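One structure is given here, and the rest of the page talks about it.
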Amino acid sequence: MSNRNVPADGLAGLRQNLQSDLVAGFLVFLIALPLSLGISMASGFPPVAGIFTAIIGGLVVSLFMGARVTIKGPAAGLIVIALGCIEELSRGVPPTLGYQYALAVIVAAGVIQIIFGLIRAGVMADFFPSAAVHGMLAAIGIIIASKQMHIMVGVDPTAKTPLGQIAELPKRLLDNNPEIALIGLLSLAILVIMPRLRHPLVRKIPAPLVVLLLSIPLGIYFDLDHEHNYRFAGHEYHLAPTMLVNRLDNLLGMVTFPDFSNITNWSSIKWIIAFALVGSIESVASAKAVDTLDPYKRKSDFNRDLLAVGVGNTAAGLIGGLPMISEIVRSSANINNGAKTRWANFFHGAFLLGFVVLAPGLIHMIPKAALAAMLVFTGFRLAHPREFIHTAQVGKDQLLVFLVTIGVTVGEDLLLGIFAGIFTKLLLHIVRGAPLSALFKPDLEIRDEGANTTRITARKAAIFSNYIGLKRAIDRVPAPRNVVVDLQATRLVDHTVMERLHELARDMEHEGRELTVVGLEGHKPVSGNTLAARTRAA
């Protein structure tokens with residue numbers, strides 16, 4: 001696609017693409033409204049927290065973010081951290097104070113993300129091994145689904161830990177509240193079936209909107225807004241307004257300010273690190289993925305985008321909101337619905353603000369079971385069996401890292417899980433012959449060849465933990481020169497490096513340049529996958 005067709009940015013882009021961005025923003029708003037409410041409640045925050053974050057992510061962050069068509073807002077991937085944070089900080093104090101302590105953590109994490117953006121640390125997302133990142137996301141999906149499946153059928157889990165909730169799930173599903181379970185299961189069925197329907201008209205209708213159009217009338221029919229009991233199959237069940245989303249009648253009155261008096265305690269510092277690191281990794285990774293979907297192949301400025309997300313998180317924490325990231329599902333819907341510029345994200349936030357101001361009563365009509373179904377569906381996608389199959393096909397080493405990350409995350413916590421995955425990966429590399437001297441710093445030789453090519457020769461090992469140095473060397477090669485990465489002298493090239501070099505080659509191709517990887521003829525892949533790790537044959 002020629003540069004003449006690339007949409008303008010800024011106010012010129014607003015004038016040029018007003019209709020397409022307005023329509024895309026409206027359709028994304030229909031998806032973002034229920035998801036923001038559901039993510040907020042699953043995180044242990046008031047429902048309004050997710051709305052605050054989505055509004056700020058649209059109205060504020062879109063004005064200076066480094067990506068063109070990403071949607072900023074609360075994400076399922078941060079539910080585990082948000083819930084763990086607010087639960088730990090609420091112990092022994094009133095719930096409102098625990099909420100304020102958690103908001104202070106979000107503000108501090110946002111400031112760190114601003115610093116990350118200013119020091120151009122967006123590249124740090126490249127440090128983490130692919131299998132550990134995918135394992136982290138799969139674990140998050142398992143944790144989300146294990147709790148939300150209870151709520152989807154009208155029961156509360158009695159166990160507090162993810163493993164306990166998984167263990168009690170079969171019994172609790174049998175103890176379901178039939179009318180609530182009907183709402184939840186029908187909602188889940190819509191989310192599963194609609195994407196598989198091929199009719200072009202059906203594919204244009206957001207499935208979460210259909211869920212709301214079904215679940216709200218069912219909630220009215222079952223009279224969920226009035227506390228009462230009913231009998232079904234010889235058993236008595238209870239219904240109450242608590243099974244609906246709380247009212248949001250006074251948006252300004254729901255603003256809550258952070259309390260920084262607990263910010264220096266280790267309990268807060270631990271969650272600040274978790275929000276800043278995991279949120280940054282997820283946001284940059286999502287923005288990268290969205291770049292591949294952009295029909296105009298525009299490349300995001302990840303450092304600027306990270307700074308913008310940091311500003312958004314700081315602002316959200318200051319008024320009572322959840323943390324935000326570049327959210328890939330809503331961003332994909334944004335592109336699929338014809339978004340051209342950052343103004344689509346702005347309009348999605350504007351529609352959210354207008355809805356909660358003009359029609360707050362409609363939000364109270366949404367059954368929580370319908371929102372839980374959306375989160376169960378999201379959790380299943382994160383931990384889809386194909387993730388396990390794909391990882392196993394790449395290599396047994398990747399599967400081990402993937403499973404270790406999942407096991408430790410589900411059994412302990414997210415930060416321990418990601419670091420366990422990193423440690424496992426490093427240990428495997430040492431066993432395979434990666435020298436200690438090359439674990440974190442690549443051994444590179446750089447020389448120009450001819451008028452338009454630069455050769456970068458890597459020695460010893462090219463692995464995830466030293467990839468940042470290799471990428472910096474590649475980034476320093478000025479356009480329009482092409483790059484040859486010679487890996488012949490390495491003992492080990494891991495999957496993460498193979499995957500990242502493949503992504504870089506694609507990005508440079510869009511710039512009219514070439515990145516070529518050579519020297520792997522003497523290396524043996526650990527599996528039949530094109531991007532599998534490789535060790536040099538003896």
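What you see is a predicted model, and the numbers here were worked out from it, not measured in a lab.
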#### Entry: Exceeds 12 heavy-atom contacts within 6.0 angstrom, atom CZ of Phe64
yes
### Message
Would you call the rings of Phe127 and Phe440 parallel, tilted or perpendicular, taking 30° and 60° as the class edges?
### Response
parallel
### Query
Does a side chain donor of either Ser331 or Thr70 reach within less than 3.5 Å of an acceptor in the other side chain?
no
### Query
What are the two closest non-hydrogen atoms of Ser40 and Gly50, and how far apart are they?
OG-N, 3.2 Å
### Query
For Ile115, which residues count as a side-chain contact (heavy atoms from CB on, under 4.5 Å) partner, sequence neighbours excluded?
Val111, Ile119
### Query
Taking C-beta and beyond as the side chain, do Val483 and Thr453 meet within less than 4.5 Å on heavy atoms?
no
### Message
I'd like to know if the side chain of Thr454 pairs up with that of Asn482 as donor and acceptor (distance under 3.5 Å, no hydrogens or angles considered).
### Response
no
### Message
Just to verify, which of Thr378, Leu322, Ile140, Ile144 counts as forming a side-chain contact (heavy atoms from CB on, under 4.5 Å) with Ile79?
### Response
Ile144
### Query
Who passes side-chain contact (heavy atoms from CB on, under 4.5 Å) against Thr535, sequence neighbours left out?
Arg432, Leu492, Lys524
#### Entry: Salt-bridge contact Asp507-Lys299 (side-chain N to carboxylate O under 4.0 Å)
yes
### Task
Taking all non-hydrogen atoms of both residues into account, name the closest pair between Pro74 and Ser36 and its distance.
CG-OG, 3.7 Å
### Summary
Residues pairing under salt bridge (Lys or Arg N to Asp or Glu O under 4.0 Å) where one sits in residues 323-342, two or more places apart or in two chains, turn out to be Asp9-Arg342, Glu327-Arg330
### Query
What side chain to side chain donor-acceptor pair (under 3.5 Å) pairs are there with at least one residue in residues 127-143, not counting sequence neighbours?
Ser130-Glu499
### Task
Looking only at non-hydrogen atoms, find the nearest pair between Arg534 and Leu531 and report the distance.
NH1-C, 4.2 Å
#### Entry: Sequence neighbours excluded, every pair satisfying side chain to side chain donor-acceptor pair (under 3.5 Å) that has a member inside residues 470-480
Lys471-Asp475
### Task
Would you check if the distance from the ring center of Phe464 to the ring center of Phe128 is below 6.0 Å?
no
### Query
Does a side-chain heavy-atom distance below 4.5 Å link Thr53 with Ile56?
no
### Message
Taking side chain to side chain donor-acceptor pair (under 3.5 Å) as the cut-off, I'd like each qualifying pair that reaches into residues 266-278, sequence neighbours left out, listed once.
### Response
Glu88-Lys270, Glu88-Trp271, Asn262-Ser268
